[in-house]
Amino acid sequence: MIITEHFICGKHTADDCEDGIVVSNDFAAVIDGSTSKTPTRLDPSMKNGRFAMLLISEYIKQMPADYTMSDFCRGITLRIAEEYNKRSIAERMAEHPEERLTASAIIYSKSRKEVWMVGDCQAIIDGTYYDNSKPYEQEIAMQRATLIKNGMSPKEARRTIEPQLIKAMLEGQNRHYAVIDGTPIYMPGTRIVKASHSVVLASDGYPTLLPTLKESEEALAKHLADDPQNIGDFVATKGLVEGNVSFDDRAYIKLTL
């Protein structure tokens with residue numbers, strides 16, 4: 001595999017970016033640490049999403065070439081659960097998904113010529129677009145959009161929907177959709193796609209994923225100018241915050257196989 005393009009940009013700064021890119025001899029991956037829903041941190045020096053991303057990055061770097069997606073899902077679950085056990089919080093994490101180290105990952109396996117989608121991520125594989133978005137978020141995002149259109153500030157609208165986001169996590173996380181969080185991954189919510197010629201892997205920081213980085217960046221810039229709060233054609237549970245460069249961290253990598 002040959003990396004033809006790659007780019008990562010934090011919504012705020014590089015130091016607190018919760019997205020990551022990993023490239024080894026055998027794998028290429030984009031990891032998207034989830035935005036925290038509570039102020040609770042397992043590591044006081046960083047948000048839980050970044051901590052999750054860093055743990056997953058290190059895990060992928062040491063994976064054997066012949067690993068399957070099932071091997072990855074089992075192994076990374078044990079690795080994150082280890083962090084909970086170390087801190088004697090495993091029981092609390094079982095009951096509070098909003099406090100877990102949570103992330104999505106999309107991984108290309110060189111030996112298997114497969115793209116693994118675990119959680120909310122997107123790809124263009126041999127010219128075809130694929131995603132694996134969370135099933136519940138659209139309805140909550142529409143409620144946020146309506147609140148803003150009716151005059152509520154974006155900050156207050158986000159605060160208003162957060163209890164629903166947490167409730168949806170409690171009911172659905174690794175029960176109805178897949179995510180990496182130290183509990184057994186809901187395998188029916190994962191995807192494996194065979195790849196032959198080219199692969200673009202990206203986090204959901206790109207509202208429109210296109211075949212080149214330039215096109216994807218231009219589409220994002222236009223979107224931020226036209227609809228910075230994500231309440232129009234692309235509806236999301238968060239928007240652009242003052243002082244940030246985008247509404248979310250973003251990561252993009254393009255491979256020729």
Side-chain angles (χ1 to χ4, degrees), residues 1-24 27-35 49-50 53 56-57 60 103-110 113-134 137-138 141 145 179 191-241 243-257:
M1 61 184 179
I2 299 168
I3 301 163
T4 55
E5 294 187 297
H6 65 95
F7 181 70
I8 188 165
C9 182
K11 62 180 178 286
H12 183 234
T13 69
D15 289 340
D16 58 15
C17 182
E18 294 170 312
D19 281 6
I21 291 174
V22 177
V23 178
S24 68
F27 300 96
V30 165
I31 303 132
D32 182 357
S34 298
T35 302
R50 181 167 174 81
M53 178 272 290
I56 295 164
S57 297
I60 292 170
S104 301
I106 182 165
I107 304 169
Y108 172 69
S109 164
K110 180 180 173 182
K113 291 194 176 295
E114 293 175 345
V115 174
W116 308 337
M117 307 180 83
V118 186
D120 194 354
C121 48
Q122 55 182 340
I124 299 172
I125 302 167
D126 297 332
T128 300
Y129 176 79
Y130 297 85
D131 73 352
N132 197 41
S133 56
K134 294 174 188 171
E137 276 202 346
Q138 195 64 14
V179 73
R191 297 183 74 174
I192 298 176
V193 183
K194 284 288 186 181
S196 302
H197 307 295
S198 65
V199 169
V200 174
L201 309 176
S203 65
D204 62 358
Y206 287 99
T208 305
L209 184 63
L210 294 167
T212 68
L213 177 61
K214 184 174 184 290
E215 290 173 302
S216 300
E217 284 288 312
E218 286 174 350
L220 174 61
K222 184 177 188 307
H223 174 77
L224 289 171
D226 294 345
D227 181 22
Q229 287 306 319
N230 298 328
I231 59 173
D233 292 337
F234 174 77
V235 180
T237 57
K238 57 190 174 185
L240 183 64
V241 174
N244 289 357
V245 298
S246 188
F247 64 89
D248 202 357
D249 304 319
R250 62 192 189 271
Y252 180 110
I253 185 166
K254 185 173 184 178
L255 311 168
T256 301
L257 311 183

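Any value given below was found using the heavy atoms of this structure, including those in side chains, with hydrogens, waters and symmetry copies removed. Counting from 1, the numbers follow the sequence of the chain as shown. None of these values were measured; they are calculated from a predicted model.
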Using 30° and 60° as the class boundaries, would you call the ring planes of Phe247 and Phe234 parallel, tilted or perpendicular?
tilted
Just say parallel, tilted or perpendicular for the rings of Phe27 and Trp116, cut-offs at 30° and 60°.
tilted
Look at [X] together with [Y] and state whether they make a salt bridge at an N to O cut-off of under 4.0 Å.
X: Glu114; Y: Lys194; answer: yes
X: Lys222; Y: Glu218; answer: no
X: Arg250; Y: Glu217; answer: yes

Between the main-chain N or O of [Y] and the side-chain N or O of [X], is there a donor-acceptor pair closer than 3.5 Å?
X: Asn132; Y: Gly119; answer: yes
X: Arg50; Y: Asp15; answer: yes
X: Ser34; Y: Gly49; answer: no
X: Lys254; Y: Thr212; answer: no

Closest non-hydrogen atom pair, [X] against [Y]:
X: Leu240; Y: Gln229; result: O-NE2, 2.7 Å
X: Gly205; Y: Pro207; result: O-CD, 3.4 Å
X: Asp227; Y: Gly232; result: OD2-N, 2.8 Å
X: Ala29; Y: Ile60; result: CB-CD1, 3.8 Å
X: Ile31; Y: Ile56; result: CG1-CG2, 3.9 Å
X: Gly33; Y: Ala103; result: CA-CB, 3.8 Å

Check whether any side-chain heavy atom of [X] sits under 4.5 Å from a side-chain heavy atom of [Y], and report yes or no.
X: Tyr108; Y: Ile253; answer: no
X: Ile8; Y: Cys17; answer: yes
X: Val235; Y: Gln138; answer: yes
X: Lys11; Y: Asp249; answer: yes

What's the separation between atom [atom1] in [X] and atom [atom2] in [Y], rounded to the nearest 0.5 Å?
X: Glu215; Y: Leu209; atom1: CD; atom2: CG; answer: 10.0 Å
X: Asp32; Y: Asp19; atom1: CG; atom2: CG; answer: 4.5 Å
X: Leu201; Y: Ile107; atom1: CG; atom2: CD1; answer: 9.5 Å
X: Met117; Y: Ile125; atom1: CE; atom2: CD1; answer: 6.0 Å
X: Asp131; Y: Asp204; atom1: CG; atom2: CG; answer: 10.0 Å
X: Thr237; Y: Lys134; atom1: OG1; atom2: NZ; answer: 7.5 Å

Could you walk me through whether His223 and Thr208 pass the side chain to side chain contact (heavy atoms under 4.5 Å, CB included) test, one step at a time?
CA-CA 9 Å; His223 174 77; Thr208 305; over 6 Å; no
Under the side chain to side chain contact (heavy atoms under 4.5 Å, CB included) criterion, do Ile106 and Gln122 qualify, and how do the steps go?
CA-CA 8 Å; Ile106 182 165; Gln122 55 182 340; over 6 Å; no
Output, in order, the C-alpha distance, side-chain angles, deciding distance and verdict of side chain to side chain contact (heavy atoms under 4.5 Å, CB included) for Asp248 and Ser203.
CA-CA 9 Å; Asp248 202 357; Ser203 65; over 6 Å; no
Could you please spell out the steps behind the side chain to side chain contact (heavy atoms under 4.5 Å, CB included) verdict for Tyr206 and Leu213?
CA-CA 10 Å; Tyr206 287 99; Leu213 177 61; 3.6 Å; yes
Within the supplied structure, the quantity of interest is the number of heavy atoms (other residues, nucleotides, ligands) at a distance under 6.0 Å from Asp226 CG; does it exceed 12?
yes
